Amino acid sequence: MEAKTLFDKIWDAHAVKQIKDGPSVLYIDRHLIHEVTSPVAFLGLKKRGLKVFRPDKTTATPDHNVPTENQHLSIIDELSRHQVEMLKKNCAEHGIVYHDLQSEGHGIVHIIGPELGLTQPGMTIVCGDSHTSTHGAFGAIAFGIGTSEVEMVLASQCIMQPKPKKMRITVNGVLNEGVTAKDIALYIISQISTSGGTGHFIEYAGTAIASLSMEGRMTLCNLSIESGARGGMIAPDDITINYVKGRKYAPEGEDWNKAVEAWKELKSDEGAVFDTEYTFDAAEIEPMITYGTNPGMGIGISKTIPTTDGMTGSDKATFEKSLQYMGYKAGESMKGKTVDYVFLGSCTNGRIEDFRAFTEFVKNRKKAPNVIAWLVPGSKHVEYQIREEGLVQILEAAGFELRQPGCSACLAMNDDKIPEGKYAVSSSNRNFEGRQGPGARTLLASPLTVAAAALTGKVTDPRELM
Amino acid sequence: MAYDKFSIITSPAVPLPIENVDTDQIIPARFLKAVERKGFGDNLFRDWRYNKDGSPKADFPLNDPNFSGKILVGGKNFGSGSSREHAAWAIYDYGFRVVVSSFFADIFKGNALNNGLLPVVVSPGFLQKIFDATENDPNTTFEVNLEKQTFTISATGESTDFEINPYKKHCLQNGLDDIDYLVEMKDEIEAFEAER
Ligand code: SF4
């Protein structure tokens, strides 16, 4: 038998048909929707006179533009309110489960999927949001789609997809102190660039990856898209299975045993061929920080911003434009740079483990007075856990307060906008110009580096405070 | 969604010689609150195109009266970032029918094709020739021939082939979309479900 990759196994099991000289028709097991990329898809269905084909396979929640304060009140921004109301109405009309603001299942789509056990190994999972790649951490094929494709899934539970190429990224060794999954991801992107993964689906492997918790794996897979890849995945193991067990939508009883048996087969066969392979050494990775306007512009926090030596033409111009936007100079150190805001949250680092790490770090210390800190749990469930575990008291004693769940300053569609020209050390995923508000300057980093910046008011190597 | 059938387009081009043009620049997130797909062209490249007071920035190519046309030419790695289809809608709504670059982000490319916007990949060398041609003469035209899969600089006759998936080509030429196709497949999909 031909040796297959993990990706091939799942893909082949979901290919309904291969169109001649065209894409495959791929069956979708789980579809997640939110308020921003779904209304036009529902409008399209209506125009065609169609009903949702398999409403039980779609789950909805509003996350992108919801306020993170006073969620019990009506949303003040009229357009945001309208989008959220449309989602609710569309779900009611088509029989789709909807997790409303304030309810137990509410949160960022990519956080609630795994929490509710909707995300399981071996599945195909899509959502109109590029960070759907998060769910690949469970050994699923998960990727972001456009609104036309949301409409396809609603209408037929299928989408058209050309089969991507396969890449394996192996990270072996033991992680250094203060280095997290976020640093692995930023390190990989800094090495292969923001287009290095284009056309590919990544499988992460190696001992450093296997040592990560489920939360860490989600962070890593979440950022796959920032290397240009459609998604990233990790073969399921005991850590995965233990995480899924007992969750609301996880299989039970005999179904559970059967599922686990099938999941154990989900790995790349010995000798399976990848189109592209990279291998990295965990020992090389230190806490990372970005200095520019794409996630590939990251460096180890003890290093200096690259110089333009050897760059020419548009590469050089693009690099200079980016540094100009950031107000930095080539060759400078990032340590000691002013920080005005910190943001802990998003589908990249808004899970309970991130809040535990942050809280542990700031315990018995004080937030720097010049820093405004936004701590936004990824879901209602994470918020409950923070309270239940007593983290909130520790945070408050250190001068921090907790907001309510949503995407918040990750894309600044709500009021959580970093003001023009200000610097934010952020646990989110994109440092594009204006991503966190018009003119805002974003430095991407791990929750630990965010915590270190919050305490000192400057870019600080978290290891110096450990 | 219905869009215009695509055959041959002959038009001048608007050059945007910037690399890694991401979806947050194409259409900033704060303009994604609409529930219909109309009017996004007004906010295309919003923060590069307008000052804070709403006045146009004179040096941005879209505001340069010398440049016009249905072809947008961008630097490499165009469309990286979000899966939001609004980026493709905004470019289409503004009036572009073709985007040229030496490299596109995957999701953007798929979204463009699903919305009647043709992404044309050319070599970095040819891309430079296109930029040079528009710089020398903003009115110079280019011919995009979908049938023959060629992109030609009209003034010099220099031409390059581009690739497109045959199925997607057929859809573009006929203004068809995938949803019609999938809905017709209903029986096959049900049979697939029953077999699992
Ligand atoms: S947190 Fe950010 S990246 Fe994640 S779903 Fe929300 S907007 Fe997208």
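Small disclaimer: the values here were computed from a predicted structure and weren't measured. Below, read A as the first sequence line, B as the second, and so on, with proteins coming before strands; counting in each chain starts at 1.
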Kindly give the heavy-atom pair with the smallest separation between [X] and [Y], and that separation in Å.
{"X": "Ser83(B)", "Y": "Gly128(A)", "value": "OG-C, 3.6 Å"}
{"X": "Val35(B)", "Y": "Leu43(A)", "value": "O-CD2, 4.0 Å"}
{"X": "Phe192(B)", "Y": "Ala15(A)", "value": "CE1-O, 3.9 Å"}
{"X": "Pro23(A)", "Y": "Tyr167(B)", "value": "CD-CD2, 3.4 Å"}
{"X": "Ile189(B)", "Y": "Cys158(A)", "value": "CD1-SG, 3.7 Å"}

Counting only non-hydrogen atoms closer than 4.5 Å, does [X] touch chain A with its backbone (N, CA, C, O), its side chain (CB onward), both, or neither?
{"X": "His86(B)", "result": "side chain"}
{"X": "Arg196(B)", "result": "side chain"}
{"X": "Lys76(B)", "result": "side chain"}
{"X": "Tyr181(B)", "result": "side chain"}
{"X": "Phe108(B)", "result": "neither"}
{"X": "Pro166(B)", "result": "both"}

Any chance you could measure [X], atom [atom1], to [Y], atom [atom2], to the nearest 0.5 Å?
{"X": "Ser130(A)", "Y": "Asp106(B)", "atom1": "OG", "atom2": "CG", "answer": "12.0 Å"}
{"X": "Thr198(A)", "Y": "Lys109(B)", "atom1": "OG1", "atom2": "NZ", "answer": "9.5 Å"}
{"X": "Lys168(B)", "Y": "Met160(A)", "atom1": "NZ", "atom2": "CE", "answer": "7.0 Å"}
{"X": "Asp178(B)", "Y": "Ser148(A)", "atom1": "CG", "atom2": "OG", "answer": "8.0 Å"}
{"X": "Gln157(A)", "Y": "Glu193(B)", "atom1": "CD", "atom2": "CD", "answer": "7.0 Å"}
{"X": "Phe53(A)", "Y": "Leu182(B)", "atom1": "CZ", "atom2": "CG", "answer": "10.5 Å"}

Could you tell me if the side chain of [Y] sits less than 4.5 Å from the side chain of [X], heavy atoms only?
{"X": "Val150(A)", "Y": "Glu85(B)", "answer": "no"}
{"X": "Met185(B)", "Y": "Val25(A)", "answer": "yes"}
{"X": "Arg30(B)", "Y": "Pro438(A)", "answer": "yes"}
{"X": "Asp22(B)", "Y": "Asn294(A)", "answer": "no"}
{"X": "Ile107(B)", "Y": "Ile225(A)", "answer": "yes"}
{"X": "Ser195(A)", "Y": "Asn77(B)", "answer": "yes"}

Most chain B-contacting option - heavy-atom pairs closer than 4.5 Å, from [options]:
{"options": "Leu50(A), Thr147(A), Leu79(A)", "answer": "Thr147(A)"}
{"options": "Gly199(A), Gly434(A), Gly437(A), Gly296(A)", "answer": "Gly199(A)"}
{"options": "His82(A), Lys417(A), Lys17(A)", "answer": "Lys17(A)"}
{"options": "Met413(A), Glu226(A), Glu420(A)", "answer": "Met413(A)"}
{"options": "Asn65(A), Asn414(A), Asp129(A)", "answer": "Asp129(A)"}

Does any heavy atom of chain B fall under 4.5 Å from the side chain of [X], the backbone, both, or neither of them?
{"X": "Met152(A)", "value": "both"}
{"X": "Asp21(A)", "value": "both"}
{"X": "Ala317(A)", "value": "neither"}

With side chain to side chain contact (heavy atoms under 4.5 Å, CB included) as the criterion, how do Asp315(A) and Glu19(B) come out once you've worked through the C-alpha distance, each side chain's angles and the decisive distance to 0.1 Å?
CA-CA 8 Å; Asp315(A) 283 338; Glu19(B) 291 176 7; 3.2 Å; yes
Can you confirm whether more than 12 heavy atoms, excluding those of [X], are under 6.0 Å from its [atom1] atom?
{"X": "Lys88(A)", "atom1": "NZ", "result": "no"}
{"X": "Gln18(A)", "atom1": "CD", "result": "yes"}
{"X": "Ile8(B)", "atom1": "CD1", "result": "yes"}
{"X": "Asn145(B)", "atom1": "CG", "result": "yes"}
{"X": "Lys51(A)", "atom1": "NZ", "result": "yes"}
{"X": "Lys321(A)", "atom1": "NZ", "result": "yes"}

Check: Glu188(B) side chain, Val16(A) main-chain N or O, donor-acceptor pair, under 3.5 Å:
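Checking the backbone N and O of Val16(A) against the side chain of Glu188(B), no donor-acceptor pair under 3.5 Å is found.
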Verify, without hydrogens or angle tests, whether Gln83(A) (side chain) and Ala34(B) (backbone) share a donor-acceptor contact under 3.5 angstrom.
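Between the backbone of Ala34(B) and the side chain of Gln83(A) there is a qualifying donor-acceptor contact (under 3.5 Å).
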Lys33(B)/Asp77(A) ion pair, N-O < 4.0 Å:
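Answer for the salt bridge query: yes.
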Do NZ/NE/NH1/NH2 and the carboxylate oxygens of Arg435(A) and Asp24(B) come within less than 4.0 Å?
yes
Top contributor to chain A interface from Glu190(B), Arg46(B), Lys169(B) [non-hydrogen pairs under 4.5 Å]
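Top option by heavy-atom pairs under 4.5 Å: Glu190(B).
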Taking every heavy-atom pair that is under 4.5 Å apart, which of Leu32(B), Asn20(B), Ile18(B) has the most such pairs with chain A?
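The residue among Leu32(B), Asn20(B), Ile18(B) with the greatest pair count is Leu32(B).
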